[in-house]
Amino acid sequence: MASHKHFPESDDDRLIALSAAKIKKDASAPGDNVISVENSAALDTQLPLFEAGKELLDIAQSNLHESVKLTKSELDILKKRVIHGFDSLNDQIRDNITGYSASDRILYGMTLDGSKPLMQTEKQIILVANGYVKGETDRIAAGGTPMTMITKAEIIAKLASLKIKLLDREAKKKVVADIIKEMVKLRKVIDPLIINIWKDVENGGQKLAAPARRLFEISWGVVYKSVKSFGFINVKCVDSIDKTVLRGINLRLGAVAGKAGVKAITDEYGVALLKSRNFNPTYINAENINYEIEIQPANVVESETQVIVLNMKFKTII
């Protein structure tokens with residue numbers, strides 16, 4: 001397993017790297033501070049600005065998340081109530097209650113057989129809810145009996161409440177978007193600063209031996225990430241009878257009968273190198289128009305090179 005310097009990808013990681021550098025700098029004697037005077041001053045100035053910006057963004061995103069949750073809850077309730085209203089209307093019509101007729105369904109946006117309009121999206125829910133209000137208004141105006149279970153007044157009130165929550169959600173979205181714009185500007189200053197600080201730290205520890213140098217850099221906030229090393233399989237293909245080396249054999253490291261995986265073609269010496277970070281049991285698949293397909297189980301081992309010889313059988317011509 002190899003380790004490499006890993007530049008921060010998130011604001012949290014940026015803040016961790018900067019904070020570690022500042023803590024180490026502030027705790028070091030002037031002669032032991034490996035960060036340049038210019039970068040030290042920039043660190044003292046930019047870290048509080050970035051920290052404050054990130055805190056504002058975290059709060060704004062939390063507020064937006066809560067607003068989104070409340071808006072969804074309001075939408076779900078509205079949808080359920082409108083569906084219940086349609087069901088109640090259908091019940092009244094099926095039961096031949098005075099003041100209701102099958103043709104009334106059209107007023108609400110339903111079909112004559114009682115099928116409800118789609119309410120899958122936010123816009124559809126609001127549109128259908130307004131259609132329910134209009135249908136109830138038109139039916140009552142034509143002499144129909146007002147619905148008592150799901151009233152027009154209830155749906156109007158829920159639409160009004162939803163509108164308030166939608167406006168609040170949009171306002172909070174804008175706040176988040178505005179802060180993100182500012183954070184983008186801050187990152188354009190912070191990212192080069194981190195790079196410059198890490199260069200200072202690297203220079204400061206260059207006389208140390210490798211293990212000690214890495215620990216020294218980590219103590220100053222430099223981040224290392226473990227990355228899998230490659231494993232290698234050196235494949236040689238030969239004729240199964242006369243053992244001549246075979247050039248142009250197509251090799252693939254992967255599942256049998258599959259297409260994915262590392263590929264290579266043997267050279268003039270019948271050799272090809274397959275390298276992979278997939279250390280699960282797999283197969284070497286060897287193909288050539290003149291030879292039968294050869295498949296052999298294989299296990300790639302990290303940081304090791306294996307040598308495998310494949311004996312290819314020449315196709316019999318009938």
Side-chain angles (χ1 to χ4, degrees), residues 1-14 16-17 118 120-121 184 187 191-192 194-195 198-199 201-202 205-206 208-218 221-318:
M1 189 78 73
S3 294
H4 302 281
K5 285 190 177 79
H6 180 69
F7 191 84
E9 296 176 353
S10 68
D11 288 341
D12 282 330
D13 290 341
R14 289 180 175 92
I16 289 171
L118 286 175
Q120 295 178 342
T121 68
V184 169
R187 290 178 198 128
D191 287 353
I194 292 174
I195 292 173
W198 285 12
K199 286 179 179 178
V201 173
E202 185 177 349
Q206 61 184 341
L208 299 173
R213 183 169 64 249
R214 180 168 299 179
L215 291 174
F216 173 80
E217 291 179 0
I218 290 172
V222 177
V223 178
Y224 279 87
K225 185 177 182 180
S226 296
V227 179
K228 287 181 180 179
S229 299
F230 283 102
F232 302 89
I233 300 182
N234 199 354
V235 182
K236 183 175 183 178
C237 294
V238 300
D239 185 279
S240 62
I241 302 300
D242 60 19
K243 304 304 178 184
T244 56
V245 296
L246 301 178
R247 179 181 183 177
I249 303 296
N250 296 300
L251 302 175
R252 181 177 60 84
L253 191 65
V256 176
K259 293 184 178 180
V262 178
K263 298 178 177 66
I265 301 175
T266 57
D267 60 16
E268 59 186 305
Y269 303 105
V271 175
L273 185 67
L274 298 169
K275 74 173 186 176
S276 175
R277 288 195 179 106
N278 178 14
F279 306 124
N280 296 319
T282 186
Y283 297 87
I284 298 173
N285 300 266
E287 296 184 41
N288 181 275
I289 192 171
N290 297 315
Y291 285 83
E292 294 181 8
I293 296 173
E294 178 70 20
I295 298 172
Q296 182 167 322
N299 264 64
V300 180
V301 179
E302 186 177 0
S303 301
E304 290 188 12
T305 300
Q306 303 173 58
V307 177
I308 292 179
V309 177
L310 297 182
N311 291 284
M312 306 288 292
K313 295 180 180 179
F314 192 78
K315 287 182 179 177
T316 303
I317 301 175
I318 299 176

Donor-acceptor contact below 3.5 Å, side chain [X] vs main chain [Y]:
| X | Y | value |
| --- | --- | --- |
| Thr282 | Leu253 | no |
| Asn285 | Gly254 | yes |
| Asn288 | Gly248 | yes |
| Gln296 | Ile284 | no |
| Lys315 | Ile289 | yes |
| Arg213 | Leu208 | yes |

Inset, instruction - Please name the pair of heavy atoms, one in Ser229 and one in Arg277, separated by the smallest distance, quoted to 0.1 Å. - result: O-CG, 3.9 Å

Inset, instruction - Kindly give the heavy-atom pair with the smallest separation between Phe279 and Val301, and that separation in Å. - result: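 For Phe279 versus Val301, the nearest heavy atoms are CE2-C, 4.1 Å.
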
Is there side-chain contact between [X] and [Y], with heavy atoms separated by less than 4.5 Å?
| X | Y | answer |
| --- | --- | --- |
| Phe216 | Val222 | no |
| Asn311 | Glu294 | no |
| Val300 | Asn278 | no |
| Val235 | Ile249 | no |
| Asp11 | Arg187 | yes |

Flag yes if more than 12 heavy atoms outside [X] fall under 6.0 Å of its [atom1] atom; otherwise flag no.
| X | atom1 | value |
| --- | --- | --- |
| Lys199 | NZ | no |
| Tyr283 | OH | no |
| Lys313 | NZ | no |

Inset, instruction - Could you pull out all residues at least two apart from Glu287 that satisfy side chain to side chain contact (heavy atoms under 4.5 Å, CB included)? - result: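 Side chain to side chain contact (heavy atoms under 4.5 Å, CB included) check on Glu287 returns Ile293.
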
Legend entry - Counterpart residues, ring pair (Phe, Tyr, Trp, His ring centres under 6.0 Å), relative to Tyr291 (two or more places apart): Phe314

